[in-house]
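The structure appears below as C-alpha cells.
Keep in mind it's a predicted model, so treat the numbers as computed, not measured.
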Amino acid sequence: MDIKMIVCDLDGTLLRSDKTVSERTLDVLAKCRQRGIKFAVATARSKFNLEKVMDEVMPDVLIYHGGAVAMANGVKLRESIMDSDLATKLMASILKRGATRFSGESDEGYFYYGERISYADFLEGLGLEVAEIDPGNTSLPPLHKIGAIVDVDKAKEVLEAHPEVGMIAYTGESWVRFALKDATKWRAIEAVAAHLGIDTANIAAFGDDWNDVEMIENCGIGVAMANGIDQAKAVANFVCASNDDDGIAQWIENHLRRVGS
C-alpha cells in the first residue's frame, strides 16, 4: 500500500479508554514519520484541549473542532466558521427547543448557558474570552461549533430553518454538535491533501464514530475501530482491533510492512 498520510481520530480511536496513547502506538507512528509518512490528528476537540496529546504524538497536521479548522506545520489552511448573525440565531433556536446546556466555541472564546464546567476555567486561564450567555440579551461572535444538550428530534427541527448547518449526535454522549455543513473532517482532509500535494487515494483514515464515517468512506483506505459504530464499519475497507488493543498500531504493522519491520 502506498500510504503517504495517516489520519486518526482521537477519542475511541488513537486514545485508549483512559485517554492515553500506548507506547506501541507511539513507536509505530514514529517509524511512519521516519519513512516520510505524514501523520494527522482529526478530532472534535478544540486545539486547547489537546496539549498533552500533541506533545506525545507530534502530528504534522491538526484538524480540530470536527473539521472546522485544519492546520499543517503551524499554518492555518482552512477555516469554516459561522458568522455572528447565524450563531446568534442558532443559539435562540436551540434554546427555544429546550436545551438544558449550551456552548459555543472558537479559537478566541467560549460561551455557555447552564452549568459552568472546569473547561471554561481552563480556557479563561489561557486568556480567552469566557462568558455566560443571557439568552434574551446576547449577540454571539463568530463560532466554529455549537454544542447543546437537547433532544435529537428537537435538534433536527433547528436545521429546517438553517440548511447551511449540519448536526452530529455523538455515540454515548448527550451533546449534539452544530456547525456549517462543510465543517467536516473529510473536507479538512481534502484541503490538507491539496496543500501537501497528496492524493486522497494515498491516505489511510482511522475512526470510530459518526463524525468519522465520511472520511473513512472517502479516503483511499478507511479503517474502522472494532469498538466503533456499525455505520463506520459498513463503509470501511478494514476493521481493526479496538482502541484499547492497539488497533491502529496492529493494522499499520500488518499492512505496511516497511513500517512494521
Side-chain angles (χ1 to χ4, degrees), residues 5-30 32-33 37-72 74 77-78 103 105 107 117-119 122-123 144-145 147 168-173 175-177 179 183-189 192 203-217 219 221-229 231-233 236 238-252:
M5 185 164 74
I6 292 170
V7 181
C8 294
D9 168 54
L10 281 185
D11 298 283
T13 303
L14 183 67
L15 299 182
R16 295 178 289 191
S17 296
D18 64 0
K19 303 303 181 184
T20 64
V21 185
S22 74
E23 289 299 322
R24 179 183 180 184
T25 298
L26 290 174
D27 180 65
V28 168
L29 292 177
C32 287
R33 284 194 294 271
I37 299 173
K38 300 290 186 182
F39 175 61
V41 163
T43 178
R45 297 189 190 194
S46 76
K47 67 177 180 180
F48 305 109
N49 198 15
L50 296 170
E51 183 175 352
K52 184 176 184 299
V53 176
M54 295 302 98
D55 288 344
E56 287 186 320
V57 301
M58 297 181 294
D60 301 290
V61 173
L62 175 58
I63 295 167
Y64 62 95
H65 282 323
V69 183
M71 300 184 68
L77 303 179
R78 179 180 188 274
S103 67
E105 194 167 359
D107 287 346
I117 59 176
S118 59
Y119 180 57
F122 167 70
L123 294 178
H144 290 124
K145 66 178 181 180
I168 291 177
Y170 299 111
T171 303
E173 296 185 23
W175 284 87
V176 175
R177 179 249 197 189
T184 69
K185 294 181 181 183
W186 166 241
R187 289 294 183 88
I189 289 169
V192 168
I203 297 176
F206 294 80
D208 72 303
D209 209 345
W210 284 105
N211 61 341
D212 302 315
V213 170
E214 187 183 23
M215 73 173 186
I216 290 173
E217 183 174 19
C219 284
I221 300 294
V223 187
M225 310 302 293
N227 53 287
I229 61 174
Q231 290 80 359
K233 295 175 184 176
F238 300 90
V239 176
C240 69
S242 75
N243 61 319
D244 286 325
D245 293 318
D246 291 325
I248 293 172
Q250 284 192 44
W251 189 91
I252 292 173

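How far CZ of F48 is from CG of L123: 7.0 Å, rounded to the nearest 0.5 Å. Here the straight-line distance linking atom CG of D212 with atom CD of Q231 works out to 12.0 Å at 0.5 Å rounding. Atoms CG and CG, from N211 and D9 in turn, are 6.0 Å apart once rounded to the nearest 0.5 Å. Note that CZ of F122 is 7.0 Å distant from CG of N49, once rounded to the nearest 0.5 Å. Note that NE2 of H144 is 10.5 Å distant from OG of S46, once rounded to the nearest 0.5 Å.
In plain terms, the two heavy atoms of P59 and M54 that are nearest each other are CG-SD, 3.5 Å. Here the shortest heavy-atom pairing between F206 and M215 reads O-CE, 3.4 Å. When all heavy atoms of I63 and A188 are compared, the pair lying nearest together is CG2-CB, 3.6 Å. Taking every heavy atom of both residues into account, C8 and F39 meet most closely at SG-CE1, 3.6 Å. Closest of all the heavy-atom pairs between M71 and V69 is CG-CG1, 4.2 Å. A249 and T25 get closest at one heavy-atom pair: CB-OG1, 3.8 Å.
Side-chain N or O atoms of R78 include none that pairs as donor or acceptor with a backbone N or O of I189 at under 3.5 Å. The backbone N or O of N243 sits less than 3.5 Å from a side-chain atom of N227, completing a donor-acceptor pair. Put simply, the side chain of K145 never gets that close to the backbone of A183: no donor and acceptor are under 3.5 Å apart. For D55 (side chain) and K52 (main-chain N/O), no donor-acceptor pair under 3.5 Å exists by modelled atom type. A donor-acceptor pair is defined here as one N or O able to donate and one able to accept, closer than 3.5 Å; no such pair exists between the side chain of Q250 and the backbone of C240.
Within the 4.5 Å cutoff, side-chain heavy atoms of L50 are placed close to those of L10. A 4.5 Å side-chain heavy-atom check between D107 and H65 finds at least one atom pair inside the cut-off. Between V41 and V57, some side-chain heavy-atom pair lies under the 4.5 Å cut-off. Counting heavy atoms from C-beta on, the side chains of L14 and L29 come closer than 4.5 Å.
There is no side-chain donor-acceptor pair under 3.5 Å between S103 and Y119. In the model, D244 has no side-chain atom that pairs as donor or acceptor with a side-chain atom of S242 under 3.5 Å.
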Problem set entry | Worked verdict on V28 versus I248 for side chain to side chain contact (heavy atoms under 4.5 Å, CB included) | CA-CA 9 Å; V28 168; I248 293 172; over 6 Å; no

For this session: Report the C-alpha separation of V7 and V192 in whole Å, then their side-chain angles, then the decisive distance to 0.1 Å, and conclude whether the side chain to side chain contact (heavy atoms under 4.5 Å, CB included) test is met.
Result: CA-CA 11 Å; V7 181; V192 168; over 6 Å; no

For this session: Test side chain to side chain contact (heavy atoms under 4.5 Å, CB included) on I6 and W251 and set out the steps.
Result: CA-CA 12 Å; I6 292 170; W251 189 91; over 6 Å; no

Problem set entry | D11/K19 under side chain to side chain contact (heavy atoms under 4.5 Å, CB included): CA gap, chis, key distance, verdict | CA-CA 7 Å; D11 298 283; K19 303 303 181 184; 2.7 Å; yes

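Under a 4.0 Å N-O distance rule, the pair R16/D246 does not qualify as a salt bridge. Between R33 and D60, no side-chain nitrogen of the basic residue sits less than 4.0 Å from a carboxylate oxygen of the acidic one, so the salt-bridge criterion is not met.
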